[in-house]
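All values reported here derive from a predicted model rather than from experimental measurement. Here is the naming used below: chain letters follow the sequence lines, and residue numbers restart at 1 for every chain.
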There are 2 protein chains.
Amino acid sequence: MTTKRPYSALIDQLKTAGLRPTRQRLALAKLLFEGGNRHFTAEQLHAEAMGAEVRVSLATVYNTLHQFNDAGLLREVVVEAGRSYFDTNMDDHHHFYMEGSGELQDVDCDEVVLTALPDAPEGMKVSRVDVIIRLNPAND
Amino acid sequence: MTTKRPYSALIDQLKTAGLRPTRQRLALAKLLFEGGNRHFTAEQLHAEAMGAEVRVSLATVYNTLHQFNDAGLLREVVVEAGRSYFDTNMDDHHHFYMEGSGELQDVDCDEVVLTALPDAPEGMKVSRVDVIIRLNPAND
DNA sequence: CAAACCGTTTAGAATAGTTCTAGAAAGAAT
DNA sequence: ATTCTTTCTAGAACTATTCTAAACGGTTTG
Ligand SMILES: [Mn+2]
Ligand SMILES: [Mn+2]
Ligand SMILES: [Zn+2]
Ligand SMILES: [Zn+2]
């Protein structure tokens, strides 16, 4: 799956988001957006970048992830204190979380039907509803 | 509605949970279970204990909270990376989370109707389903 | 009521994950 | 090319939490 100009689409994506297409951002975007959707931590992505040809500092990985998050290119998922996960799947969806292994798995939004939600308190509006289905190994 | 419980009830509660009724555990249990339900962090509880007559170390607060959690006397709620909340309300319920102030508010479980949930993957069982409704100030 | 036993508490060190700092590097503008 | 500005980086700092190992204190035993 080689393309003649592999970076041009990524470059456009970054420019549209108001981010300069720097070496580091492009390399991370390539890792993140050229495969299927994924869940990962900053340190996992950093390790992956180090394993590839790109040398990027951990600080830059964090900066970039927050910038991509703010730009709507990915999102953060909170499932465990002291560990931030990021998610390249921007469709409306929810998650299975395997408490043992720390793995996340997507749950399509039509598999979780919320037929009733309370009104937000006065002066507040709902920004997002997260459903996390925590899983453990069945012991039988 | 404050329910005053004599120490003997707290002592029994701890013994039943397999925990020695030590000075520190009793003092924390008194702070936690003698008022209404509450959401709090370890550091908030520690500060509260210091403000009261009891001298307890922060490590003991963490130990005790985890022991109480394991014993089913309270539960942990994860809403933000790097910040653990605990919750004395053990009824099945969900939460509003005010992203600005970091405050949690209970949502009774019958206000969130989940009419469909996916089956857990092979070999896994659902341990808990958390619904977090994230709120922001309405800007109009 | 010792004395011993062993779970608990503690201060402080250690750790983990993330953010900050300030100088160097590299895009962009002129 | 020169300047201007944003971004990148190593390493320090920071925050929340856990660990360590010695002191403490409930509890059990004799
Ligand atoms: Mn991480
Ligand atoms: Mn806390
Ligand atoms: Zn996802
Ligand atoms: Zn609650």
Side-chain angles (χ1 to χ4, degrees), chain A residues 7-8 10-12 14-31 39-50 52-71 73-74 76-86 102, chain B residues 7-8 10-31 39-50 52-71 73-74 76-86 102 104:
Chain A
Y7 286 102
S8 68
L10 291 175
I11 290 174
D12 288 348
L14 292 179
K15 280 185 173 165
T16 302
L19 297 170
R20 281 195 198 165
T22 64
R23 231 188 287 292
Q24 294 84 348
R25 282 179 187 147
L26 270 171
L28 294 175
K30 197 165 157 59
L31 288 173
H39 304 104
F40 58 94
T41 65
E43 309 210 329
Q44 281 167 7
L45 180 61
H46 183 238
E48 195 176 331
M50 300 303 272
E53 76 286 353
V54 204
R55 214 199 50 116
V56 195
S57 76
L58 184 56
T60 296
V61 172
Y62 275 106
N63 288 341
T64 302
L65 288 176
H66 289 141
Q67 290 154 356
F68 284 9
N69 180 64
D70 294 347
L73 300 176
L74 51 75
E76 209 168 337
V77 183
V78 180
V79 282
E80 204 182 294
R83 224 189 208 180
S84 296
Y85 286 87
F86 295 86
Chain B
Y7 272 107
S8 68
L10 290 176
I11 290 173
D12 288 348
Q13 207 173 6
L14 293 180
K15 280 186 172 165
T16 301
L19 296 169
R20 279 195 199 165
T22 63
R23 234 189 284 295
Q24 294 84 347
R25 283 179 186 148
L26 271 172
L28 293 175
K30 198 164 155 60
L31 288 173
H39 304 106
F40 59 94
T41 65
E43 308 210 331
Q44 281 167 7
L45 180 61
H46 183 238
E48 195 177 330
M50 300 303 272
E53 77 287 352
V54 204
R55 215 201 47 118
V56 195
S57 76
L58 183 55
T60 296
V61 172
Y62 276 106
N63 288 341
T64 302
L65 289 175
H66 289 141
Q67 290 153 356
F68 285 9
N69 179 65
D70 294 347
L73 301 176
L74 50 74
E76 209 169 338
V77 184
V78 179
V79 282
E80 205 181 293
R83 225 189 208 179
S84 298
Y85 285 86
F86 295 86
L104 273 173

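Place A:Tyr85 and B:Leu19 on DNA chain C by their nearest nucleotides, and B:Leu19 ends up nearer the 5' end. Between B:Ala81 and A:Lys15, the one whose closest nucleotide on DNA chain C sits nearer the 5' end is B:Ala81.
For B:Tyr62, counting side-chain heavy atoms from C-beta on, the closest listed nucleotide (D:dA16, D:dT9, C:dT10) is D:dA16. Here D:dT5 is the nucleotide among D:dT5, C:dC6, C:dT10 with the atom lying nearest to any side-chain atom of A:Arg20.
For C:dT10, the OP1/OP2 oxygens have a side-chain nitrogen or oxygen of B:Gln24 closer than 4.0 Å. Within the 4.0 Å cut-off from OP1 or OP2 of D:dC8, not a single side-chain nitrogen or oxygen of A:Thr60 is found. Phosphate proximity of C:dA26 to A:Thr22: absent, as no side-chain N or O sits under 4.0 Å from OP1 or OP2. A close approach under 4.0 Å does occur between a side-chain nitrogen or oxygen of A:Arg25 and OP1 or OP2 of D:dT7. Applying the 4.0 Å criterion to OP1 and OP2 of D:dA16, one finds that B:Ser84 has every side-chain N and O outside that range. Checking the phosphate oxygens (OP1, OP2) of C:dT19, a side-chain nitrogen or oxygen of A:His66 falls inside 4.0 Å. Dashed line: the shortest gap from a side-chain N or O of A:Arg23 to OP1 or OP2 of C:dG27 is under 4.0 Å.
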Working note: B:Val54 + B:Gln24, criterion side chain to side chain contact (heavy atoms under 4.5 Å, CB included); need CA distance, chi angles, decisive distance, verdict.
CA-CA 8 Å; B:Val54 204; B:Gln24 294 84 347; 5.6 Å; no
For A:Phe40 and A:Leu31, run side chain to side chain contact (heavy atoms under 4.5 Å, CB included): C-alpha distance rounded to whole Å, both residues' side-chain angles, the deciding distance at 0.1 Å, then the answer.
CA-CA 11 Å; A:Phe40 58 94; A:Leu31 288 173; over 6 Å; no
Determine, step by step, whether A:Val79 and B:Val78 satisfy the side chain to side chain contact (heavy atoms under 4.5 Å, CB included) criterion, reporting the C-alpha distance in whole Å, the side-chain angles of both residues, the deciding distance to 0.1 Å, and the verdict.
CA-CA 6 Å; A:Val79 282; B:Val78 179; 5.8 Å; no
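For the pair A:Gln44 CD and C:dA16 P, the interatomic distance rounds to 16 Å; values are reported in whole Å. The separation between B:Leu28 atom CG and C:dT10 atom P is 9 Å, rounded to whole Å. For A:Glu43 and C:dT15, the CD to P distance is 15 Å, given to the nearest whole Å.
When all heavy atoms of B:Leu104 and B:His39 are compared, the closest pair comes out as O-ND1, 3.6 Å. Taking all atoms of both residues into account, the shortest heavy-atom contact from B:Glu43 to B:Leu58 is OE2-CD2, 4.2 Å.
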